[in-house]
Amino acid sequence: MRSVGTVLALVVLATVVATFARRWRIPAPSLLVVAGLAVALLPGTPQIQISPQIIGLVVLPPLLYASAEDMPWRELRAVWKPVGILAIGLVLASAAAVAAVAAAVTPLSWQMAFVLGAVLASTDPVAVTALGRRLALPPRVQVLVQAESLFNDATSLVLVKVAAGIAIASAAANWGAAGSKFLVLAGGGTMIGAAVAGVITLIRRRTEDPVLETVIALVTPYAAYLLAEAAHTSGVTSCVVAGVVLGGRGDRLTNARIRLQLHAVYGTVVFLLESVVFSLIGLALPGEVRALADGDRSWPVYALAVAATLVAVRLLWLAPLSAVVQRKGGIGRLNWRIPMVLTWAGTRGVMPLAAALSIPEVAKNGSPLIDRPLVLVLTTSVVVVTLVVQGFTLAPVVRASGIALEPAHTAREEAQARSHLAHAGLARLEELAELEVVPDVVLDRLRRGLTARLDDARDRLADNGTDSTGRESADRVYRQLRRDLIAVETSELQRLYDAHTISDTTRRRLQRALDLEEARLSDA
């Protein structure tokens, strides 16, 4: 009963803190970590021990899936080469650098220093997505950071398994076996994730039950994760691939009412899970520190050295890569602000913590891994440092860089898109008028609505910003025709996106507005 009360108290605390974070316009993950740390230091607070099964099986799948589902296909195709370089090359470089620093400045053996490097080598998709929602980054920059954090986990998890195997067996590294394991984990996870997405697509095309659709959407990430883990491949990769594939088809699989319901349900689930998991990171650190041996009391210095190493390696890796990409893009004067933002956006979070918790407690000979508590403390403290320091300062860094999209730019793009949609609707309306199959009163009502939308869009751009039975029949015809026009506007919206005229953010916002209107027409 006490554990149930602790969980409920944690949910309440996390929800309250996250709510205030949104109201104060500060990054919720950073404030949640600080709040969890503050509560853990209060006298009488029970010690929190995080279960790796809870994090890996319950929390991660829906959060990874939600992050992947938000990934726009168009921008992802444009950045896949640098994402591949970062997901493999930067992870290996970060792991090697952290292992070298940890072996030099901490009491860790070289085997456990290698484990620490592998654990902290990848950025965290949950933290990156949560922090990135509030920043107006250019679409390709945002997708590059988010895609890197999603796809570099396969490399990091392979390194963790190889490093942990070396540590518990005191064996030499077998890099050939590591390469084969990486192909099995990443390749197998990709195939299973794509297969799950294909099956779910077939099922969702054949159902229009909102409850069943919601259940399917909630079960999908767990199905992808569990099937991949059962096949001894990467559940993380499977979950990410399923989310990316289904996210690109989501608007074609369901109607407006179901899309709105799924958005509300998944938004609630993600909000609760993110709130709880980031609070847990702060809550767990004091208990892990108390478990350290007396010789490990310099852990704050070690943690700062490791965190600084991660930032330095990331900057040294991103600067030349950014220069090459800009040169190939025909940019004369190199822009060094982009690698600075990309460097500062590389926070750690839930994934490194889950990887550290998965390290066995005993070696193959039965002796305990005495360095494991220090690895846990350093992992958690580095996560806290990156979430707090980089999280609270990321928005100012983005503003100082000058690469953030101005609100006026977003408003102008949205107004232009609304104008295109209104013109598409009016064109369809004129086709119906020529057929003379629709009452004039209905055509006039629809025409007035679309003209009002068109006038509103023009204003924003200029600012740089019968009897009862007959009426019911006319209303019925109006609702049907308005739904037809919404379908035309939806097609035009997709055409604008495919033609690179609007961003994915604008497309999603306008699609949601059309869905809301269609849902209101259905309720009328």
Side-chain angles (χ1 to χ4, degrees), residues 47-60 91-92 94-103 106-124 126 152-174 177-178 181-182 185 229 232 234-236 277 280-281 283-293 295-296 299 302-303 306-307 309-310 348-384 386:
Q47 182 172 337
I48 301 294
Q49 291 185 341
I50 304 177
S51 168
Q53 288 77 20
I54 294 296
I55 295 293
L57 183 59
V58 177
V59 175
L60 276 181
V91 168
L92 295 174
S94 298
V98 169
V101 171
T106 73
L108 293 175
S109 64
W110 73 267
Q111 292 95 335
M112 292 304 288
F114 183 29
V115 172
L116 178 66
V119 165
L120 292 171
S122 65
T123 55
D124 185 76
V126 179
N152 63 12
D153 292 316
T155 308
S156 180
L157 290 175
V158 170
L159 284 179
V160 170
K161 291 186 177 183
V162 173
I166 294 171
I168 65 176
S170 298
N174 187 340
K181 185 177 290 187
F182 173 77
L185 286 170
E229 290 293 320
H232 302 289
S234 173
V236 170
V277 76
L280 278 174
I281 292 174
L283 283 166
L285 182 57
E288 294 173 353
V289 171
R290 285 191 286 269
L292 288 178
D296 298 332
W299 64 268
Y302 306 153
V306 170
T309 301
L310 289 171
R348 270 63 183 173
V350 185
M351 282 297 301
L353 184 61
L357 290 169
S358 69
I359 300 170
E361 297 183 4
V362 296
K364 282 191 174 181
N365 59 12
S367 61
L369 288 176
I370 58 174
D371 289 337
R372 185 178 185 272
L374 182 57
V375 170
L376 285 177
V377 168
L378 292 179
T379 299
T380 307
S381 54
V382 168
V383 169
V384 170
T386 59

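The two atoms that bring Ile55 and Ala354 nearest to each other are CG2-CB, 3.6 Å, heavy atoms only. Heavy-atom minimum distance, Leu120 versus Pro352: CD2-CB, 4.1 Å. In terms of heavy-atom proximity, Ser381 sits nearest to Leu285 at N-CD1, 4.1 Å.
Here the CG-CG distance, from Leu376 to Leu116, works out to 10.0 Å after rounding to the nearest 0.5 Å. Annotation: the span from Leu353 atom CG to Leu280 atom CG amounts to 8.5 Å, rounded to 0.5 Å. One distance of note links CG of Asp371 with CG of Leu378; it measures 10.0 Å at 0.5 Å rounding. Taken from OG1 in Thr379 to CG in Leu357, the straight-line distance is 8.5 Å, to the nearest 0.5 Å.
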Evaluate the side chain to side chain contact (heavy atoms under 4.5 Å, CB included) criterion for residues Val236 and Met351: first the C-alpha distance (whole Å), next the side-chain angles of each, then the deciding distance (0.1 Å), finally the verdict.
-> CA-CA 10 Å; Val236 170; Met351 282 297 301; 3.9 Å; yes

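In this structure Pro373 satisfies the side chain to side chain contact (heavy atoms under 4.5 Å, CB included) test together with Leu292, sequence neighbours excluded. With sequence neighbours left out, Ile370 forms a side chain to side chain contact (heavy atoms under 4.5 Å, CB included) with no residue at all. With sequence neighbours excluded, the residues forming a side chain to side chain donor-acceptor pair (under 3.5 Å) with Thr380 are Glu288, listed by chain and number. Contacts of Thr106 classified as side chain to side chain donor-acceptor pair (under 3.5 Å), with partners at least two apart in sequence or in another chain: none. Take Ala121 and apply the side chain to side chain contact (heavy atoms under 4.5 Å, CB included) test, not counting sequence neighbours, and it matches Val91, Ser94, Ala95, Ser156. Applying the side chain to side chain contact (heavy atoms under 4.5 Å, CB included) test to Ala163 and every residue at least two apart in sequence or in another chain returns Phe114, Val115, Ala118.
Judged purely by atom type and a 3.5 angstrom limit, Arg348 has no side-chain atom pairing as donor or acceptor with the backbone of Thr386.
By the 4.5 Å heavy-atom criterion applied to side chains, Tyr302 and Pro107 are counted as neighbours.
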